[in-house]
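Treat the numbers as computed from the prediction; the structure is a model and nothing was measured. Below, chain A is the first sequence line, B the second, and so on; all start at residue 1.
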There are 2 protein chains.
Amino acid sequence: MSRRSYAQYCGLARALDLVGERWTLLIVRDLALGPRRFTDLLAGLPGIGTSLLSERLRHLEDQGIARRVVARRPASGVVYELTDEGRDLAQAMSPLATWGAARLDADVEAELRPEWVAYALQASFRPAAAAGVHDCYEFRLEGVTLWALVDDGTLTVAQRRPRRPDFTLTTDVPTLAQLGSGRISPREAVASGRARFRGDPEAGARALQVLGSGGDRPA
Amino acid sequence: MSRRSYAQYCGLARALDLVGERWTLLIVRDLALGPRRFTDLLAGLPGIGTSLLSERLRHLEDQGIARRVVARRPASGVVYELTDEGRDLAQAMSPLATWGAARLDADVEAELRPEWVAYALQASFRPAAAAGVHDCYEFRLEGVTLWALVDDGTLTVAQRRPRRPDFTLTTDVPTLAQLGSGRISPREAVASGRARFRGDPEAGARALQVLGSGGDRPA
DNA sequence: CCGCATCCGCGTTGATACTG
DNA sequence: CAGTATCAACGCGGATGCGG
């Protein structure tokens, strides 16, 4: 029953005491995309047990990271959502996610869900660079297609085509991650056959600014 | 024997598969301050068992995050140090450490070691803001005193006074963390009695730029 | 003393069954 | 749908031992 603590007066140790246990950060990740029901979370975390999810949620609630809300409108039920502190945490773990994304090898036998990519896009979104930008980017990734809708300072990742996209990028997730982090240039990605770009090159350049580390121009 | 994996094609899940297990990130934190011996790490991680530390180190080695080096010079023995990838990771976990530092309550029964504070300072250091800066800041924190030596683009955190400091800040760690993150202004910290500042106010302003989120001026 | 392996008791986790 | 109850399996903490 006693929660194990590192008992160190150190920011990292404290963070790990709070959210370092198994599944916790993945729950925060899922909640970062919006309110979720218990069963939504359960479906998004294959392998977690219901009791553990229940306990984790209660703990996040106790720590003021997430909030339990009795939903009314769509269908009565319980919904979990992040608090402001939870959103701070979601921001703080983005670099870790980016670091991990760069190490997503192609050979990993891992499930690919649109939500994970949506989370990665949200994490790498730079609102300041998106001022005055109104674009729609289509990403096709191994059977998963999704759309990033940039409107000024906001990014919405949709799983249905919201409007005619300014470009379509067909690639795989590791390549997309490398593009976003600037580890390879769009030119290289296309030249090596790992990516295919169709559409407005200027929109592609804006996408790099808004969703990546910016700078380079697409082929 | 089978390492448990989340098996999700998501950057965060991958990062947690690699370094999400207990103690692992704290080991990386310790190594981020420089090469360490097995027993140094052991001493800095009260509660870890020798076998677990050994296994974690081997895993970090396998993943190319840390490296095992047979030391010669000071005394023969084995030393562990971060690889470039490990340094990337250390960078990536800094925001998490900052998030946790803001939640280091005064009531926590936790050990305070100069190294943790040194790590926090390193994590918040912005080399770009330190161009042309040559300062020495003294921090006195509940019995622990240390010095931050800024020289152009580099920060060295010392546990012995390297030279006459440009200012001395006496406070506690939560307040220091809040100052660094900009959650309170130096003015407030001093006015509320939580901090005491003695020395060159302009050096204090530079410290905020270099070690914090910058902007405000000290009282 | 340093670096590490082995063993054991226990807390945490994963899977299933069951309930309002 | 939103959990609680239960139990087996695994990971971890602590002790011990052993070759440099």
Side-chain angles (χ1 to χ4, degrees), chain A residues 1-8 13 16-27 30-31 34-63 66-81 110-111, chain B residues 1-8 13 16-27 30-31 35-63 66-81 111:
Chain A
M1 186 70 356
S2 62
R3 291 189 72 80
R4 253 190 285 217
S5 164
Y6 291 114
Q8 295 185 357
L16 294 175
D17 278 344
L18 290 170
V19 296
E21 287 167 294
R22 194 160 164 77
W23 297 111
T24 306
L25 283 184
L26 293 189
I27 295 172
D30 284 357
L31 292 179
R36 292 285 184 273
R37 304 171 162 280
F38 188 89
T39 38
D40 295 335
L41 293 168
L42 203 61
L45 302 168
I48 196 176
T50 52
S51 8
L52 200 51
L53 176 56
S54 178
E55 194 210 288
R56 292 292 186 264
L57 285 169
R58 201 176 314 119
H59 180 242
L60 288 173
E61 223 184 317
D62 291 344
Q63 299 305 324
R67 186 170 28 220
R68 187 191 142 104
V69 179
V70 179
R72 290 191 165 71
R73 284 208 285 144
S76 62
V78 182
V79 162
Y80 293 89
E81 61 184 24
E111 199 175 352
Chain B
M1 184 70 3
S2 62
R3 291 189 72 79
R4 244 185 280 205
S5 163
Y6 291 116
Q8 296 186 357
L16 294 174
D17 278 344
L18 289 171
V19 296
E21 286 168 294
R22 192 160 166 77
W23 298 111
T24 306
L25 284 184
L26 293 189
I27 295 172
D30 284 357
L31 292 179
R36 291 285 184 274
R37 305 172 161 281
F38 188 89
T39 37
D40 295 336
L41 293 168
L42 203 61
L45 302 168
I48 196 176
T50 54
S51 31
L52 201 52
L53 176 56
S54 179
E55 194 209 288
R56 292 290 187 266
L57 285 170
R58 199 178 318 117
H59 179 242
L60 288 173
E61 223 184 318
D62 292 344
Q63 299 304 324
R67 184 169 30 220
R68 185 192 144 101
V69 179
V70 180
R72 290 190 165 70
R73 285 204 289 153
S76 64
V78 182
V79 162
Y80 294 89
E81 61 184 23
E111 199 176 352

Fill in: Side chain proximity check, A:Arg22 to A:Leu52, heavy atoms < 4.5 angstrom
no
note: A:Arg68, atom CZ; D:dA2, atom C1'; distance rounded to Å ~ 8 Å
Quiz item: Side chain of A:Asp17, backbone of A:Ser5: donor and acceptor closer than 3.5 Å?
Solution: no
(message) Looking at D:dG3, I'd like to know if its phosphate oxygens (OP1 or OP2) sit under 4.0 Å from a side-chain N or O belonging to A:Ser54.
(response) no
Distance col, row A:Arg56:CZ vs A:Thr24:OG1, nearest 0.5 angstrom, shows 4.5 Å
Note, B:Leu53 side chain near B:Leu57 side chain (heavy atom, < 4.5 Å)
yes
Separation of C:dC4 atom C1' from B:His59 atom NE2, nearest Å, is 18 Å
Rounded to whole Å, the CG-C1' distance (B:Leu53 to C:dC4) equals 10 Å
To the nearest angstrom, the CZ-P distance between B:Arg36 and C:dC2 comes to 15 Å
**Item:** Heavy-atom side-chain proximity of A:Leu41 to A:Leu31 below 4.5 angstrom
**Value:** yes
Between CG of A:Leu26 and P of C:dT13 the distance, given in whole Å, is 13 Å
Rounded to whole Å, CZ of A:Phe38 lies from P of C:dG20 at a distance of 17 Å
Donor-acceptor pair, A:Tyr6 side chain versus B:Gly47 backbone, under 3.5 Å? no
Using a cutoff of under 3.5 Å, can you pull out all pairs of nitrogen or oxygen atoms linking the protein to nucleotides 18-20 of chain D, with atom names and distances?
none

Hits for ring-ring contact (aromatic ring centres under 6.0 Å, His included) against A:Phe38, two or more places apart or cross-chain, chain-then-number order -> none
Item to check | B:Leu45 side chain near A:Gln8 side chain, heavy-atom distance below 4.5 Å | outcome: yes
Separation of C:dC4 atom P from B:Leu57 atom CG, nearest Å, is 7 Å
Heavy-atom closest pair (B:Val79 atom, B:Pro35 atom, distance to 0.1 Å) is CG1-CB, 3.2 Å
Show me the protein contacts with nucleotides 12-15 of chain D, counting only N or O atoms at under 3.5 Å.
from: D:dC12; atom 1: OP1; to: B:Arg56; atom 2: NH2; distance (Å): 2.9
from: D:dC12; atom 1: OP2; to: B:Arg56; atom 2: NH2; distance (Å): 3.1
from: D:dC12; atom 1: O3'; to: A:Arg4; atom 2: NH1; distance (Å): 3.0
from: D:dG13; atom 1: OP1; to: B:Arg22; atom 2: NE; distance (Å): 2.7
from: D:dG13; atom 1: OP1; to: B:Trp23; atom 2: NE1; distance (Å): 3.4
from: D:dG13; atom 1: OP2; to: B:Trp23; atom 2: NE1; distance (Å): 2.8
from: D:dG14; atom 1: OP2; to: B:Gly47; atom 2: O; distance (Å): 2.9
from: D:dG14; atom 1: O6; to: B:Ser51; atom 2: OG; distance (Å): 3.4

With a 4.0 Å cutoff (strictly under), does any side-chain N or O of B:Tyr80 reach OP1 or OP2 of C:dC2? no
